[in-house]
Amino acid sequence: TIDSIDGGEIHKLIPLIQSQGSCSQLELDSLVRNASIDEYATGIMRIFWKYRDQYLSRRSAVEKEVAEAEVRSYEDSKHYARVDNTRNNGLAVARQSLKYELDPFFRGDALKGGVEELIKYNSDNLRIQNPRIPYSKLKADGDTVDMFETISIINCPEARRIKATGTFSVTNDRFHFGDRFYEFGKEHYDPKSSVARIHREMDKGLARAYPIGLGYCSAILGQGLKFKSLPWGGETCGRHASIVMGRRKNPNTRRCEFLIRNTWGKAGTYSPDWTFEREKGEVWVDSEALGNAIHDLQFVKPRSER
């Protein structure tokens, strides 16, 4: 897709886990030199952020320059009547079309550099030789799911893979609206609906509730309660995916919090507003504040459920 420089989406992983199973944490850790698989993943994400920001910055600069030229042409054209806000409307139209035209070029340029750094990073950190990672596909897509799929099954024989008993489906609910996929309109989140949807799932109880996939702005983890909603496609949001595993009432504030399982390892930086265990990647986040960061939620259901 046009915004495919992405950290991976949880709903893409469910079919993989169903068909191939998953390795244990111990086996995954054994793939990496002098670190855990979570620390290794943190390094991967640093590379991703570096080249994603480079991509966004370069594209934005050219968009602005070319769009301004388009607007000047638009204003000077005798084929259009001058009306109020002509310039602003013209700028919006020009930038929308430019995103389509420029994105493949800047995405490919950033991915080329990112994949080169990724190859060296893997050579330095993975114990295995020639891990059969489809780097050529990563250059084209920017999708990290294929790479982690390959790594996760290399040293994990069929007999030792952990598989779910039963078949499952995944539904995705979106709680962010506006200019993500180049729609017109101001971006906005729907905090009340997203938080209520998590509560409805957890109200099923331990016997029927499943962990919830969370697509959100990771900036909330570092900014704490001062976090304000950010544009999903912007450089400051920190587009990310995690799992919501539980909820509680904070013993001090008496406010509801959700338990997030994250993958940043020891290098993770969290606000003192949250209670966290960095090495486990577990952090309790105020539910209302989290609602301001949620883009979408993924829910797992047995096939028997409608």
Polar side-chain atom of S30 near backbone of E27 as donor-acceptor pair, under 3.5 Å
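Yes; at least one donor-acceptor contact below 3.5 Å.
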When you measure from the side chain of Y121 to the backbone N and O of Y40, does any donor-acceptor pair fall under 3.5 Å?
yes
Salt bridge (charged side-chain N to carboxylate O under 4.0 Å, His left out) pairs, two or more places apart, involving residues 256-265
D38-R261, R248-E257
Could you list the residues that satisfy ring pair (Phe, Tyr, Trp, His ring centres under 6.0 Å) with Y189, not counting sequence neighbours?
H176
Please enumerate all residues that pass ring pair (Phe, Tyr, Trp, His ring centres under 6.0 Å) together with F227, with sequence neighbours excluded.
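F227 satisfies ring pair (Phe, Tyr, Trp, His ring centres under 6.0 Å) with no other residue.
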Check for me, please, whether I128 and L118 land in the same ILVMFWY cluster - side-chain distances under 4.5 Å, paths through other members count.
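Same cluster.
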Mind checking whether L31 and I162 sit in one hydrophobic cluster, side chains of I, L, V, M, F, W, Y counted as touching below 4.5 Å?
no
Considering all heavy atoms of both residues, which atom of [X] and which atom of [Y] are nearest to each other, and what is their separation?
X: I37; Y: L28; result: CD1-O, 3.7 Å
X: I294; Y: S194; result: CD1-OG, 3.8 Å
X: S218; Y: G238; result: OG-O, 2.7 Å
X: R127; Y: V32; result: NE-O, 3.3 Å
X: W274; Y: I220; result: NE1-O, 3.1 Å

Kindly indicate whether the side chain of V300, heavy atoms from C-beta on, has any atom under 4.5 Å from the side chain of P211.
no
Flag the pair M202 / V244 as yes when at least one side-chain heavy-atom distance between them is below 4.5 Å, and no otherwise.
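M202 reaches V244 side chain to side chain.
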For a quick test of your reading: what N or O donor-acceptor pairs under 3.5 Å do the side chains of residues 283-292 make, sequence neighbours left out?
residue, atom, partner, partner atom, Å
D286, OD1, R255, NE, 2.7
D286, OD1, R255, NH2, 3.3
D286, OD2, R255, NH2, 3.1
D286, OD2, E288, N, 3.2
D286, OD2, A289, N, 3.0
S287, OG, C256, O, 3.2

Let me confirm one number: the [atom1]-[atom2] distance from [X] to [Y], rounded to the nearest 0.5 Å.
X: Q298; Y: D296; atom1: CD; atom2: CG; answer: 5.0 Å
X: L259; Y: E277; atom1: CG; atom2: CD; answer: 9.0 Å
X: F177; Y: H295; atom1: CZ; atom2: NE2; answer: 8.5 Å
X: T253; Y: L225; atom1: OG1; atom2: CG; answer: 8.5 Å
X: E282; Y: F276; atom1: CD; atom2: CZ; answer: 13.0 Å

L214 and side chain to side chain contact (heavy atoms under 4.5 Å, CB included): which partner among I243, N262, I260?
I260
Evaluate the side-chain contact (heavy atoms from CB on, under 4.5 Å) criterion for residues Y51 and K112: first the C-alpha distance (whole Å), next the side-chain angles of each, then the deciding distance (0.1 Å), finally the verdict.
CA-CA 9 Å; Y51 287 93; K112 180 181 177 182; over 6 Å; no
For residues 189-226, which residue pairs qualify under disulfide bond (SG atoms under 2.5 Å apart), counting only residues two or more places apart or in two chains?
C217-C237
Taking 4.0 angstrom as the limit, do D203 and R247 come out as a salt bridge?
yes
My understanding is that only residues two or more places apart in sequence, or in another chain, count here; which of them pass side-chain contact (heavy atoms from CB on, under 4.5 Å) with R254?
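Expected list: K249.
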Step-by-step side-chain contact (heavy atoms from CB on, under 4.5 Å) determination, N125 to R33
CA-CA 5 Å; N125 289 279; R33 296 190 185 104; 5.7 Å; no
If you count the non-hydrogen atoms of other residues, nucleotides and ligands that lie under 6.0 Å from CG in D124, is the total more than 12?
yes
Lys/Arg cation over aromatic F299: R200, 6.0 Å, 45° cone:
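No; the conditions do not both hold, so R200 does not lie above the ring face of F299.
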